[in-house]
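One-based numbering, in listed order, for ligands and for the atoms of each.
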Amino acid sequence: MIPQEKIAKMLAAYDKKKLKLATLCSHTALQIFYGARAEGIKTIGLCTRERKKFYDSFPLAKPDEYMIIDGFNSLPCEELAAQNAVLVPHGSLVEYAGSSINDLPVPIFGNRNSLLWEKSREKMSHWLNNAGLRTPKTINPQKIDRPCIVKFPGAKGGRGYIIVKSTDEFNIRVPNPPTGTLVQEYLIGVRAYPHYFYSPISKAGYAADSGSIELMSIDKRLESNVDECYREVAVGVEVKPSFTIIGNTPIVMRESLLPEVMEMGKRAVESAHALFGGIPGPFCIESIIDENLNFYAFEISARIVAGTNIFPNGSPYSLYSYGEPMSTGRRIARELKLAAKSSQLQKIIY
Ligand code: AMP
């Protein structure tokens with residue numbers, strides 16, 4: 001892990017009037033570039049040669065400049081630093097850079113420690129429990145007494161998850177479970193993925209830790225083929241549910257549930273502070289709400305999530321904070337500007 005002092009030293013040498021935001025051309029890049037443009041911040045797209053044509057086809061959301069890369073795991077950190085760039089982590093960056101993300105010699109928006117906590121299932125579970133969030137039970141595969149979801153190590157975006165209802169079924173379908181296989185109680189309810197932004201330098205939102213959190217938006221994912229299974233059932237075709245993420249759809253939640261959404265975010269932020277130094281910037285709590293209105297949290301994404309792509313012009317929640325289009329991507333650029341202006345960049349960048 002590159003020491004925080006080293007990054008702080010790099011940042012101190014940056015020209016604060018020429019700060020740029022950089023990210024991989026993937027995941028939420030269009031939203032991040034579009035939002036930065038609205039805030040007057042220049043952007044750099046780290047892009048493979050083949051993808052450039054795609055990004056160029058969105059004139060208002062393409063980056064101001066490109067750095068062409070051979071693959072997603074070779075990042076030109078020195079060039080980025082020479083350009084006063086701050087790297088914005090998103091799902092693809094976390095996935096492709098793996099744990100090497102912690103050693104990247106370039107300032108990263110947010111706390112890079114949090115990305116390690118997102119990647120490890122053990123750390124994640126410790127974080128959720130430490131935050132006092134209600135979570136699905138982890139079940140011993142030899143004592144399965146209810147429907148369970150089996151999550152294999154390294155599975156991305158729900159790919160390959162299966163549902164089993166007994167130990168016998170588990171032993172037949174997973175004869176050699178890889179180390180790190182997680183068997184979790186299958187929760188029944190409505191999925192909701194609230195997108196938060198924690199600012200340690202603003203008091204305008206819901207008070208949390210030394211700053212405040214803002215509810216930017218809420219989505220739920222569309223997963224193939226569990227979300228469309230009813231069609232197969234209707235036409236009499238048997239289908240095994242699977243959980244591969246295809247896209248996202250917006251949610252507006254019953255207003256009386258929102259205070260709890262805010263409290264959950266606050267607890268996640270304060271626990272992050274205690275466990276690994278905090279989580280400035282965007283994050284998301286993946287949750288399921290049952291028929292008794294109980295929230296269960298099964299994962300936290302410690303960075304911008306793809307569900308925010310639904311809201312490049314803001315959401316029914318961000319409107320009440322800003323009165324102008326404010327996506328999570330734009331909020332990142334706004335925070336960079338506010339922190340630079342008040343000499344607090346070290347609070348939001350590591
Ligand atoms: P994850 O990889 O943990 O983000 O999960 C991918 C998808 O699997 C989620 O979006 C849910 O649809 C589903 N899922 C994960 N955990 C559970 C659970 N404990 N109960 C029911 N569905 C789940």
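For atom 22 (N) of ligand 1, the closest non-hydrogen atom on the protein side is Tyr186 CE1, 3.6 Å. Scanning the protein for heavy atoms near atom 7 (C) of ligand 1, the closest one is Glu223 OE2, 3.4 Å. The nearest heavy-atom contact from the protein to atom 5 (O) of ligand 1 is Tyr161 CE2, 3.4 Å. Given atom 4 (O) of ligand 1, the protein heavy atom at minimum distance is Glu286 OE1, 2.7 Å. Ile149 CD1, 3.7 Å is the protein heavy atom nearest to atom 23 (C) of ligand 1. Summary of contacts: the protein heavy atom closest to atom 20 (N) of ligand 1 is Leu187 N, 2.8 Å. Protein heavy atom in closest approach to atom 15 (C) of ligand 1: Lys151 NZ, 3.4 Å. The protein heavy atom nearest to atom 3 (O) of ligand 1 is Glu299 OE1, 2.5 Å.
Residues Glu65 and Lys42 are not paired through a salt bridge, judged by the lack of any N-O separation under 4.0 Å between the basic side chain and the carboxylate. Ion pair Asp227/Arg191 flagged as a salt bridge, since at least one NZ, NE, NH1 or NH2 atom sits closer than 4.0 Å to an Asp/Glu carboxylate oxygen.
When each atom of ligand 1 is checked for a heavy atom of Glu185 under 4.0 Å away, the hits are 18 (C), 19 (N), 20 (N). Each of the following atoms of ligand 1 lies closer than 4.0 Å to a heavy atom of Ile288: 20 (N), 21 (C), 22 (N).
One finds the CZ atom of Arg112 at 8.5 Å from the CG atom of Leu115 (value rounded to the nearest 0.5 Å). Here CD of Glu232 is found 6.5 Å from CG of Asn225. Values are rounded to the nearest 0.5 Å.
The residue Ile245 has no part lying near ligand 1, judged by heavy-atom distances below 4.0 Å.
Judged purely by distance below 3.5 Å, without hydrogens or angles, the side chains of Tyr296 and Glu185 never pair a donor atom with an acceptor atom. With hydrogens and angles left out, the side-chain atoms of Glu214 and Tyr317 include no donor and acceptor closer than 3.5 Å.
In this structure, Tyr196 and Phe283 have parallel ring planes: the angle between them is below the 30° cut-off, well short of the 60° mark. The aromatic rings of Phe109 and Phe197 sit tilted, their planes meeting at an angle between 30° and 60°.
In terms of polar-atom proximity, Tyr193 is counted as a contact of ligand 1, with an N or O under 3.5 Å from an N or O of the ligand.
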